[in-house]
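Taking it in order: structure first as structure tokens, then the write-up.
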Amino acid sequence: MSVDVVKTGMLPSAGVVKVLCESLRKFPVKALVVDPVMVSTSGDTLSGPSTLATYRDELFSVADIVTPNVKEASKLLGDVSLHTISDMRNAAESIYKLGPKYVLVKGGDMPDSSDAIDVLFDGKEFTELRGPRIKTRNTHGTGCTLASCIAAELAKGATMLHAVQVAKKFVESALYHSKDLVIGNGPQGPFDHLFELKSPLYKMGSLQKFNPDNLFLYAVTDSGMNKKWDRSIKDAVKAAIEGGATIVQLREKDADTREFLEAAKACVQICKSSGVPLLINDRIDVALACNADGVHVGQSDMPAWEVRELLGPGKIIGVSCKTLDQAEQAWKDGADYIGCGGVFPTTTKKNNPTLGFEGLRTVCLASKLPVVAIGGINAGNAGSVMELGFPNLKGVAVVSALFDQECVAIETRNLRSILKNACSRS
Ligand SMILES: Cc1ncc(COP(=O)(O)OP(=O)(O)O)c(N)n1
Ligand SMILES: Cc1nc(C(=O)O)sc1CCOP(=O)(O)O
Ligand SMILES: [Mg+2]
């Protein structure tokens, strides 16, 4: 068997690090995950200064990702103090300069905050990965498990972001499942890595909490536009993901069911390998048949509570809402997000009322769910929507601004940078 990916744990001496680097030169691998285990949970230093130096001088430059926790990041940077998310971002940037392609600074042992936040840096962009902080003493080995899961996902062909997202979800679910185990008398207990084998519920992704950040740049396909530009649904989705779409919805009103389902199955694979959720517009049957990540329904489609009964706890359900009452009902029905529009006039959805900023504001203020704005949004006005800074407003959903254009990837990339700039201003 050839080795696809290597993950390193505790490397006790500079000599061991050197042998490792030499071996990796002799036997190159697809990816190297370095979990710089150098401080034990009880705070004992496990790697002396010479080993640290070898990490920095030799190992990091050949690593695809380095995954220090806050204590390890501090040690690597000469015992700097790290207390805030901004400190974690700065630390990730400083460690990045030592050579790895990605740095993941894990915030699990940051001072008590409601969420466990990790910061991923790729040399250009920071991604904050949030998850609930699980109250448990059974945390022995979480860092090693996270790094090993990242390595496994990379070996399966995932992108780095997807591998990190899957790994974080895995550890979160394992901690949750193991929180009531009582084993041993030490300060830390073990957790159960094989929980999925024992509880089918986890297979449903019951803990797969919807990440509202996915609503940032929401690409909604359109069969008429695909036809006009002679573009397959698959190509449209691939291009949108290449351009940085954070979630995709297949809204194929004209496609025959068989054709739609085949295209949806292909798109599910494309989206899964990029870690981008794929939702189906209206068609619960198609969503079930292709195991999509969820559906989006409007006020005249199947009620969200019935959709939830059919899809189960781990799928994403979006509901179109134009009023407070509709927003409240969507929340009661167990939806995950609200699509609110049309913010501006649009011809893509026939006879669609235009709410304007005021209508969007009303729903955002009242909503208990994250909101994505939709309707007539494009490169010219998307910035103004995000700069509103309405509570719960997590992004924009667009159809023609991406798919009624010659190059979907370029338009998507342009829109993403407009949104990023607008968010940094708001
Ligand atoms: C993200 C998002 N928001 C709203 C809609 C509109 O859905 P709906 O009201 O069901 O209308 P149709 O799209 O079915 O015409 C959406 N699809 N996506
Ligand atoms: C699908 C959809 N839903 C809307 C709503 O208001 O709920 S507006 C709309 C069409 C949006 O297309 P474009 O980005 O081309 O304006
Ligand atoms: Mg609909």
Side-chain angles (χ1 to χ4, degrees), residues 210 212 214-226 228-229 236 240 245-255 260 264 276-287 292-304 306-307 316-323 326-327 329-330 333 335-364 367 369-382 384-385 392-405 408 411-412 414-415 418-419:
F210 171 61
N214 284 138
L215 295 173
F216 185 67
L217 177 44
Y218 193 144
V220 180
T221 69
D222 179 284
S223 32
M225 294 173 196
N226 289 338
K228 171 181 171 183
W229 291 95
T246 52
I247 187 169
V248 173
Q249 179 189 136
L250 301 187
R251 181 173 182 267
E252 299 296 328
K253 297 284 186 180
D254 307 339
F260 187 7
V276 172
L278 178 77
L279 274 67
I280 305 295
N281 172 268
D282 292 357
R283 298 290 302 272
I284 321 305
D285 55 341
V286 172
D293 294 298
V295 296
H296 186 94
V297 289
Q299 295 298 318
S300 59
D301 298 310
M302 185 183 287
E306 302 221 45
V307 178
I316 300 168
I317 299 174
V319 179
S320 304
C321 297
K322 300 186 189 302
T323 67
Q326 289 172 354
Q329 191 58 51
D333 287 354
D336 293 289
Y337 76 84
I338 281 169
C340 181
V343 178
F344 304 102
T346 177
T347 55
T348 306
K349 178 176 166 62
K350 302 287 170 270
N351 312 318
N352 192 52
T354 300
L355 299 184
F357 285 173
E358 208 32 54
L360 175 63
R361 182 173 175 276
T362 304
V363 170
C364 283
S367 176
L369 294 171
V371 179
V372 62
I374 187 168
I377 297 175
N378 54 45
N381 58 34
S384 65
V385 174
N392 299 311
L393 182 59
K394 306 301 280 183
V396 297
V398 287
V399 187
S400 51
L402 303 188
F403 298 110
D404 196 6
Q405 311 293 331
V408 172
E411 299 301 335
T412 309
N414 179 44
L415 192 55
I418 289 168
L419 293 170

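Ligands are counted one by one from 1 in listed order, and the atoms in each one are counted from 1 as well.
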Q: Quick one: do Lys253 and Lys350 satisfy side-chain contact (heavy atoms from CB on, under 4.5 Å)? Show the steps, please.
A: CA-CA 12 Å; Lys253 297 284 186 180; Lys350 302 287 170 270; over 6 Å; no
Q: For ligand 2, would you mind listing the residues that have at least one heavy atom less than 4.0 Å away, ordered by chain and number?
A: Arg251, Lys322, Gly341, Gly342, Thr346, Thr348, Lys349, Asn352, Ile374, Gly375, Gly376, Val398, Val399, Ser400
Q. In Asp282, which N, O or S atom comes closest to the Mg ion (ligand 3)?
A. OD1
Q: Search all heavy atoms of Phe260 against all heavy atoms of Ala255 and return the closest pair with its distance.
A: CB-CB, 4.0 Å
Q: Identify the two heavy atoms, one from Gly376 and one from Asn381, that lie closest to each other, and give their separation to 0.1 Å.
A: O-ND2, 3.0 Å
Q: Identify the two heavy atoms, one from Pro370 and one from Leu215, that lie closest to each other, and give their separation to 0.1 Å.
A: CB-CD1, 3.8 Å
Q. Do Arg251 and Phe403 have side-chain heavy atoms sitting under 4.5 Å apart?
A. no
Q. How far is atom 13 (O) of ligand 1 from its nearest protein heavy atom, and which residue and atom name does that atom have?
A. Arg251 NE, 2.6 Å
Q. By number and element, which atoms of ligand 1 are closer than 4.0 Å to a non-hydrogen atom of Lys253?
A. 12 (P), 14 (O), 15 (O)
Q. If you measure from atom 10 (O) of ligand 1 to every heavy atom of Asp301, Ile338, Ile374, Val319, which option wins on shortest distance?
A. Asp301
Q | Contacting atoms of ligand 1, where contact means under 4.0 angstrom from a heavy atom of Val297 | A | 10 (O)
Q) Can you check whether Ile247 reaches Phe216 side chain to side chain, under 4.5 Å on heavy atoms? A) no
Q | Minimum side-chain heavy-atom gap Thr412-Gln405 below 4.5 Å | A | no
Q) Hey, are the side chains of Gln326 and Val319 touching, using non-hydrogen atoms and a 4.5 Å cut-off? A) no
Q.
I want to know if ligand 1 touches Gly339 in the polar sense, i.e. an N/O pair below 3.5 angstrom.
A. no
Q. What protein heavy atom sits nearest atom 18 (N) of ligand 1, and how far away is it?
A. Gln249 NE2, 3.0 Å
**Q.** Pair Ser320-Gln299, side-chain donor/acceptor within less than 3.5 Å
**A.** no
Q: Give the atom name of whichever N/O/S atom in Asp301 sits closest to the Mg ion (ligand 3).
A: OD2
Q. Heavy atoms, side chains only, cut-off 4.5 Å: are Asp222 and Thr348 in contact?
A. yes
Q. Taking both backbone and side-chain atoms of Asn281, is any N or O found less than 3.5 Å from an N or O belonging to ligand 1?
A. yes
Q: Quick one: look up the protein heavy atom nearest atom 7 (O) of ligand 1 and list residue, atom name and how far away it is.
A: Ser320 OG, 2.9 Å
Q. Quick one: are Pro277 and Phe210 in side-chain contact, heavy atoms under 4.5 Å?
A. no
Q) Nearest protein heavy-atom contact for atom 11 (O) of ligand 1: which residue, which atom, what distance? A) Lys349 NZ, 2.9 Å
**Q.** Thr246 side chain near Lys394 side chain, heavy-atom distance below 4.5 Å
**A.** no
Q | Contacting atoms of ligand 1, where contact means under 4.0 angstrom from a heavy atom of Asp282 | A | 10 (O), 14 (O)
